[in-house]
2 protein chains.
Amino acid sequence: MANQTPRQRARTETEAEIIRIGNRMLDSGGIDGISLRAIARELGIVSSAVYRYVRSRDELLTILISDAFTSVADAVDRDLVPQRSVFTIGATMLEWSRQYPNRWALIYGTPIPNYQAPREATVVPGTRIMVTLAGLVAELPASPSPSPVPAEALEPLRVGLEELGVSHDDPVIMRTVAVWVAVIGLINALRFGQFGPGFDSVEDELMQGLVTTLTE
Amino acid sequence: MANQTPRQRARTETEAEIIRIGNRMLDSGGIDGISLRAIARELGIVSSAVYRYVRSRDELLTILISDAFTSVADAVDRDLVPQRSVFTIGATMLEWSRQYPNRWALIYGTPIPNYQAPREATVVPGTRIMVTLAGLVAELPASPSPSPVPAEALEPLRVGLEELGVSHDDPVIMRTVAVWVAVIGLINALRFGQFGPGFDSVEDELMQGLVTTLTE
DNA sequence: TGAAAACAAGAGCAGTGCTCACTGTTGTTA
DNA sequence: TAACAACAGTGAGCACTGCTCTTGTTTTCA
């Protein structure tokens, strides 16, 4: 590992640089701001040469997506250490979305047209938070009424969770789904401006209100 | 109105045709599938001529967005006649999203980069459903505990609703927000494939479970 | 040391939104 | 009815995109 050939070191460095520039372009110009030609220009290289490092624009997007999923999930894990609560998850995701709005849109917004993220690149990093959330929901005081949803409706999720090595009963799964979609939905609404302006200073309070409403 | 000049009739027809083709391209190829050049080709007209009818691609998008908002809201109003319930709203939106996934993404997904929808084009059609929902939530049996969110956090929404001629107290607004973001969040998750495959046959049951969880 | 692999360059294809100068046609008005 | 202005359509062109292919150069490895 340590003694690489100069060429290998250069390649590794260039690959990392491409990802850095890609992330920067994503942050400043959204998904459409990511241009392989512009990256090539910045690298001081002709446009066709960048295809030595990245098979296509879509491949770069896949890397950035995987990157972003890992980044939020890491943030959640970090913040969860002092304070293990559902609200912490929501607040951390909200904060992350504020810091990287375009990365947020990349992973939780509209999928890119004519692009299918390879499952192996997204499943594991993309499900980490939900698995954590399910664990926290399971610790909550039991809901007054039993799950009002037919067992087969939760089948795919139950199976999916078990493939990841976790197992919960249906009321917990249903509640997890409710919290999950509400949290993502709220952050999307805020980030995408669907509530209009004027929410900048009350985002966290809204998240607090939402989580309380959903978990009490 | 009836006796227009031939030129005016032709113009009206062409404008309608552009919107029809635009919607069709949106439905089949997503937002990136909307190309003014392709529309011009289909009209049998040179690409620059289409700018006689549409100021820019963004203007066409604005029309399509407004169109889509009106379409969902109409569907909700229609379905609400026999069965006035929160679930009906969710189920209708879900069904509409299934029928027009790309129009759904256009209005509830990631905003288009470098594009700001003019507020006057989206506010009225875009808020109809939420206003209706608030009305239904207000009729629900009161929540056991009072609103756990500071009054100022709901200020912008309270004001927004009042501008539209509706007025609710904070617990109702908070609950409306919770239901709203959860419903949109669930549909987004389903449409955008964030839960993975295998949910096609259980979408409505999931929506039912979600609404029940949130309104009981 | 010589062959193979990797890197880079440059031209080119097909597509995009949009502008501009230019004709021909239609509608209005003096 | 003749003149003029508004309108519709043309075609060339700009600046940009992703991506491919051929050619030449450099590095690595057997």
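All of these numbers come straight from a predicted model, not from anything done at the bench. Order of the sequence lines fixes the chain letters, A, B, ..., with proteins taken first and strands second; residue numbering starts at 1 for each chain.
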With ring centroids as reference points, do B:W104 and B:Y108 lie under 6.0 angstrom apart?
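So the answer is yes for these two rings.
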Side chain to side chain donor-acceptor pair (under 3.5 Å) with B:T88: which residues, sequence neighbours excluded?
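Residues passing side chain to side chain donor-acceptor pair (under 3.5 Å) with B:T88: B:S85.
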Between [X] and [Y] (salt bridge meaning N to carboxylate O under 4.0 Å), is one present in this structure?
X     : Y      : answer
B:D74 : B:R128 : yes
A:R11 : A:E15  : yes
A:R20 : A:E13  : yes
A:R24 : A:E42  : yes

How many angstroms lie between atom [atom1] of [X] and atom [atom2] of [Y], to the nearest 0.5 angstrom?
X      : Y      : atom1 : atom2 : answer
A:T213 : B:L214 : OG1   : CG    : 9.5 Å
A:I129 : A:W96  : CD1   : CH2   : 8.5 Å
A:L61  : A:S56  : CG    : OG    : 8.0 Å
B:L186 : B:E203 : CG    : CD    : 8.0 Å

Taking [atom1] from [X] and [atom2] from [N], how many angstroms apart are they, rounded to a whole number?
X     : N      : atom1 : atom2 : answer
B:I39 : C:dG17 : CD1   : C1'   : 12 Å
B:Q4  : C:dT28 : CD    : P     : 12 Å
A:Y53 : C:dA9  : OH    : C1'   : 13 Å
A:R55 : C:dC7  : CZ    : P     : 13 Å

So where does chain A start and stop touching DNA chain D, 5' to 3', when the test is distance under 4.0 Å to a non-hydrogen atom?
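Using the under 4.0 Å cut-off, the span is D:dT17 to D:dT28.
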Distance test, side-chain N/O of B:Y51 to OP1/OP2 of C:dC20, below 4.0 Å:
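Looking at the OP1 and OP2 atoms of C:dC20, neither is under 4.0 Å from any side-chain N or O of B:Y51.
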Hey, can you pull the residues of [range] with a non-hydrogen atom under 4.0 angstrom from DNA chain D?
range                     : answer
residues 11-26 of chain B : B:R11
residues 56-65 of chain A : A:S56, A:R57
residues 41-48 of chain B : B:I45, B:V46, B:S48

Quick one: list whatever passes side chain to side chain contact (heavy atoms under 4.5 Å, CB included) with [X], sequence neighbours left out.
X      : value
A:A153 : A:V149, A:P150, B:V202, B:E205
A:P118 : A:T62, A:Y115, A:E120, A:A121
B:P111 : A:F192
B:E95  : B:R98, B:Q99

Heavy-atom nearest nucleotide on DNA chain C for B:A38 versus B:P6: which residue maps closer to 5'?
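Mapping each residue to its closest nucleotide by heavy atoms, the 5'-most match is B:A38.
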State which residues pass salt bridge (Lys or Arg N to Asp or Glu O under 4.0 Å) with A:R7; sequence neighbours excluded, sorted by chain then number.
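Residues passing salt bridge (Lys or Arg N to Asp or Glu O under 4.0 Å) with A:R7: none at all.
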Taking only residues two or more places apart in sequence, or in another chain, which ones meet B:R55 in a salt bridge (Lys or Arg N to Asp or Glu O under 4.0 Å)?
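By the salt bridge (Lys or Arg N to Asp or Glu O under 4.0 Å) rule, B:R55 matches B:E59.
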Near DNA chain C, which residues from residues 27-37 of chain B have a heavy atom under 4.0 Å away?
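Within residues 27-37 of chain B, the residues near DNA chain C are B:I34, B:S35, B:L36, B:R37.
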